[in-house]
Amino acid sequence: MELKIFNTLDRKKIDFVPIDKNNIRVYACGPTVYDYAHVGNARMSIVCDLLIKVLRLIYDNVTYTSNITDIDDKIILAAKTQNVPIEKITNKFLKIYNQDMHSLGINKPDIQPRATEYIEEMIILVEKLIKNKNAYLSNNHVLFHVPSFSSYGCLSKRSKEEQISGSRVEVAPYKKYAGDFVLWKPSKQNEPGWNSPWGYGRPGWHLECSAMSESCLGLPFDIHAGGIDLTFPHHENEIAQSCSLNNEKDPKLFARYWFHNGFVLFNGEKMSKSLGNIQLVNELLKKYPSETIRLSLISSHYRQPLNWNKNLLQQSQATLNRFYRIFLNDENFDEYKYDIKDISDDIIESLLDDLNTPKALAVLNKLINDLSSKSNIKSKNLKKTIYSSSVFLGILKKNPSEWLGIGNKNSKNLNNIEELIEKRNNARINKNFALADDIRSKLNKMGIEIEDQNDRTIWRKIEKDNK
RNA sequence: GGUGCGGUGGCGGAGAGGCUACGCUGCGGCCUGCAAAGCCGUCUACACCGGUUCGAAUCCGGUCCGCACCUCCA
């Protein structure tokens, strides 16, 4: 088995060749915890989770680190506004983030470092960069001097000159060069900060990832992941910092492969706070089953923009209903245990090809179509394949009856419903179809849909469409 | 202004020189007292204009359109 992966550094799909096949190391830029996680955060999380699962099919030892940014100006602002210490905010939203991701069936990273736990390491990095003449002190700030790193722009494929022209951002007067970025900045006394050789202050945004990736994984490591919007400047600056520590120019001496997931759009527009179209995972989980959200997130290729809307969720819901139905009346259901060996080879092959989830789902659909033309024995094996393949993708983990809402025992009108169904079935036996239809429409009005099977009548709540 | 990514059937969405992607919806049929579910079948797709080629949705050139990034972003 061999994984092909699109490397942003090369702008093409290439074979994944590990640095050490006995120790695969992946780092992903995690969220800044000052608010609820949105669908964009979830996409990065889910895509990385799947990447790790695929890597683990091939390699025995995979370490996945994904950080938490818990010191940042947005957090400080939120803390000031709410008049609470920043920890109150970061702890709260870190917990919610992990809960929400867990709900989506995402495994927690092996290591989840927090920026504030690596301040010492960051200070050491800054000292080294100053010593190497890649950084300078100006106006109580320590700045990275971009012209000192000749490979700058190698990831985003921009030359230094191009970035400056047209830049809409005011350049701080204490910068030697417009593209220079902050490694360390002063904090006011009432702001969070740490003592450093350059006074009381706090780290710049990019520094934390250089410190944590090196501390947790060692350099160079195999894959650096994150949202495509982080390519510039965040990842570019990380490369500049980390490579400059050892006066290296080759970005692959920091991380070999750069793995970026595409944006999530909402009704064709970028999800952003100013447009007010942010979709929060926490809110979505109240309205939709987690597998519906999960399937929606993997229904398009990870590098393509994903257009998020109600229609997508409804389609995923319909797809899952169909998938679950194949297990509904299967008395062997309990025998289907998740087993890696049962996963369809074609699905694995699709995933090994740069994580082609839409193709994997197409294969799954084909397998389900094949069921109708199979003998019992063969269909049992096929169902095992479908089951394990689905669970690998993070779906079909629920009980089919429960998923489809069949015969919900918690329903308020349980006795009433079952009474009416019995009445209707008696009417049917007596060929009193007018009465039978009458009762069915009464049930429909109660929000209950019935389904006559060979030997029994099952019912479920009608899915509301007002989500 | 610069850079990057895209434009595939009613919709979603793969593919990347010759082979049905797949799903949803619609339509026709089977099944069913009727429904529901299921099954079978089915519907002018590759933005436009040139070029290369025996053959282009796929490669090359140009045009148009969309989106993103250019120090807040997943």
Side-chain angles (χ1 to χ4, degrees), chain A residues 8 11 28-32 37-48 66 72-74 77 146 153 156-159 161-172 175 178-182 204-206 225-234 236-237 260-265 268-274 296 299-301 303-307 309 311-312 314-319 321-322 325-326 328-329 350 353 356-366 368-369 371-373 404 427-428 431-434 436-437 440-441 444 449-454 457-460:
Chain A
T8 308
R11 300 282 158 139
C29 288
T32 302
H38 54 75
V39 182
N41 296 306
R43 187 180 201 192
M44 169 266 154
S45 218
I46 214 161
V47 161
C48 288
S66 184
D72 161 277
D73 287 358
K74 290 190 294 291
L77 184 67
V146 165
S156 55
K157 309 283 184 245
R158 294 164 215 251
S159 70
E161 293 70 28
E162 283 159 358
Q163 295 156 40
I164 297 153
S165 67
S167 170
R168 285 164 293 187
V169 176
E170 208 177 312
V171 179
K175 286 186 181 179
D180 291 352
F181 57 91
V182 171
W205 172 34
H206 316 292
I228 188 74
D229 49 330
L230 295 181
T231 309
F232 189 89
H234 184 54
E236 201 71 70
N237 291 354
H260 288 112
N261 63 275
F263 262 118
V264 178
L265 310 175
E269 283 177 310
K270 185 183 167 178
M271 247 187 221
S272 80
K273 290 200 169 171
S274 56
S296 301
S299 63
S300 64
H301 186 87
R303 279 190 282 118
Q304 291 297 122
L306 174 63
N307 194 15
N309 54 38
N311 191 38
L312 172 67
Q314 283 170 348
Q315 207 169 296
S316 300
Q317 182 77 44
T319 301
N321 288 350
R322 180 164 154 263
R325 265 192 180 275
I326 68 167
L328 183 59
N329 294 317
S350 305
D353 185 11
N356 194 335
T357 51
K359 200 173 174 188
L361 291 167
V363 174
L364 194 58
N365 270 301
K366 272 189 181 169
I368 287 168
N369 291 340
L371 270 180
S372 57
S373 59
L404 294 163
R428 288 171 68 215
K431 306 249 188 262
N432 188 351
F433 296 124
D437 289 353
R440 185 175 56 209
S441 87
N444 279 166
E449 186 176 47
I450 56 172
E451 184 176 327
D452 295 329
Q453 299 193 329
N454 286 339
T457 298
I458 61 171
W459 62 272
R460 65 181 165 273

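From a predicted model like this one, the values you see are computed outputs, not experimental measurements. Numbered from 1 within each chain, the chains take letters A, B, ... in sequence-line order.
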**Item:** Between C1' of B:C5 and CG of A:N261, the distance in whole Å
**Value:** 14 Å
**Request:** Name the residue closer to the 5' end of RNA chain B, choosing between A:D452 and A:D353 according to the nucleotide with the nearest heavy atom.
**Result:** A:D353
**Message:** Work out how far the C1' atom of B:C43 is from that of B:C54, and round it to whole angstrom.
**Reply:** 31 Å
**Request:** For A:H260 and A:I228, work out which heavy atoms get closest and say how close.
**Result:** CB-CD1, 3.7 Å
**Message:** I'd like the P distance from B:G6 over to B:G10, given in whole Å.
**Reply:** 24 Å
**Message:** Just N and O in the side chain of A:R322: are any of them under 4.0 Å from OP1 or OP2 of B:C24?
**Reply:** yes
**Request:** Please lay out, stage by stage, how A:L312 and A:L306 fare under the test side-chain contact (heavy atoms from CB on, under 4.5 Å).
**Result:** CA-CA 10 Å; A:L312 172 67; A:L306 174 63; 4.1 Å; yes
**Item:** Nucleotide nearest A:N365 when distance is taken to its side chain, options B:A74, B:C22, B:C34
**Value:** B:C22
**Message:** Suppose you measure atom P in B:G66 against the same atom in B:A56; what distance do you get, rounded to whole Å?
**Reply:** 30 Å
**Prompt:** Could one point to a donor on the side chain of A:D437 or the base of B:G33 with an acceptor on the other under 3.5 Å away?
**Reply:** yes
**Asked** With a 4.0 Å cut-off on heavy atoms, is A:N356 in touch with a base, just the backbone sugar-phosphate, or nothing at all?
**Response** sugar-phosphate
**Prompt:** Within this structure, what is the NE2-to-C1' distance between A:H301 and B:C22, rounded to whole angstrom?
**Reply:** 16 Å
**Message:** Regarding A:L265, tell me which of base, sugar-phosphate or nothing describes its non-hydrogen contacts under 4.0 Å with the strands shown.
**Reply:** nothing
**Request:** Pick the C1' atom in B:C24 and in B:G9, then give their distance to the nearest Å.
**Result:** 13 Å
**Request:** Heavy atoms only: give me the nearest A:P233-A:H206 pair and the separation to one decimal.
**Result:** CG-CE1, 4.1 Å
**Request:** From the options B:A21, B:C40, B:A74, select the nucleotide whose nearest atom is closest to the side chain of A:C29.
**Result:** B:A74
**Asked** Is a donor-acceptor contact shorter than 3.5 angstrom present between the side chain of A:R303 and the base of B:C5?
**Response** no
**Prompt:** Separation of A:F263 atom CZ from B:C69 atom C1', in whole Å?
**Reply:** 8 Å
**Prompt:** With respect to the phosphate group of B:A36, does any side-chain polar atom (N or O) of A:N444 fall under 4.0 Å of OP1 or OP2?
**Reply:** no
**Message:** Can you check the distance between B:C30 and B:C49, where both ends of the measurement are the P atom (answer in whole Å)?
**Reply:** 44 Å
**Prompt:** What nucleic acid atoms does A:V264 come within less than 4.0 Å of, heavy atoms only: base, sugar-phosphate, or nothing?
**Reply:** base
**Prompt:** Taking the side chain of A:R428 as heavy atoms from C-beta outward, which of B:A74, B:G33, B:A14 is closest to it?
**Reply:** B:G33
**Request:** Nearest whole angstrom, please: distance from the C1' of B:C22 to the NZ of A:K359.
**Result:** 11 Å
**Fill in**
Among B:G23, B:C34, B:A74, the one nearest any side-chain atom of A:R440 is B:C34
**Fill in**
From NE2 of A:H206 across to C1' of B:C73 the rounded distance in Å is 12 Å
**Complete:** Walking RNA chain B from its 5' end, the first of A:P358 and A:F433 to be reached, judged by nearest nucleotide, is A:P358
**Request:** Pick the C1' atom in B:A45 and in B:C34, then give their distance to the nearest Å.
**Result:** 38 Å
Can you check nucleotides 7-12 of chain B for protein contacts, nitrogen or oxygen pairs under 3.5 Å, and list what you find?
none

**Request:** State whether A:W205 places a side-chain N or O below 4.0 Å from either non-bridging phosphate oxygen (OP1 or OP2) of B:C73.
**Result:** yes
**Item:** Phosphate contact (B:U71 OP1 or OP2) by A:N237 side-chain N/O below 4.0 Å
**Value:** no
**Message:** Looking only at the side chain of A:E449 (C-beta and beyond, no hydrogens), which of the listed nucleotides B:A36, B:A74, B:G15 gets closest?
**Reply:** B:A36
**Message:** Apply side-chain contact (heavy atoms from CB on, under 4.5 Å) to residues A:L404 and A:I458 and explain how you reach the verdict.
**Reply:** CA-CA 11 Å; A:L404 294 163; A:I458 61 171; over 6 Å; no
**Message:** If I pick the C1' atom on B:C40 and the same atom on B:G13, what distance separates them, to the nearest angstrom?
**Reply:** 25 Å
**Prompt:** The side chain of A:F232 lies closest to which of these nucleotides: B:C69, B:C40, B:A36?
**Reply:** B:C69
**Request:** Quote, to the nearest angstrom, the C1' distance that separates B:C19 from B:G61.
**Result:** 29 Å
**Request:** Provide, to the nearest angstrom, the distance between the CG atom belonging to A:L364 and the P atom belonging to B:A14.
**Result:** 16 Å
**Prompt:** Can you tell me if A:E236 uses its side chain to pair, donor with acceptor, with the backbone of A:G153 under 3.5 Å?
**Reply:** yes
**Where A:H301 and A:R43 come nearest, the two heavy atoms and their spacing** = O-NH2, 2.9 Å
**Prompt:** Which stems, defined as runs of 3 or more consecutive Watson-Crick or G-U wobble pairs with both pairing distances under 3.5 Å, involve RNA chain B?
**Reply:** B:1-7 with B:64-70, B:10-12 with B:22-24, B:26-30 with B:38-42, B:47-51 with B:59-63
**Item:** Rounded distance (Å) that lies between atom P of B:C24 and atom NZ of A:K366
**Value:** 14 Å
**Prompt:** Starting at CZ of A:R11 and ending at C1' of B:C5, how long is that distance when rounded to a whole Å?
**Reply:** 9 Å
**Request:** Could you walk me through whether A:D452 and A:R428 pass side-chain contact (heavy atoms from CB on, under 4.5 Å), step by step?
**Result:** CA-CA 11 Å; A:D452 295 329; A:R428 288 171 68 215; 3.3 Å; yes
**Prompt:** Is there side-chain contact between A:M44 and A:S66, with heavy atoms separated by less than 4.5 Å?
**Reply:** yes
**Message:** Regarding A:G227, tell me which of base, sugar-phosphate or nothing describes its non-hydrogen contacts under 4.0 Å with the strands shown.
**Reply:** sugar-phosphate
**Message:** Once hydrogens and angles are ignored, does a donor-acceptor distance under 3.5 Å link the base of B:C22 to the side chain of A:N369?
**Reply:** no
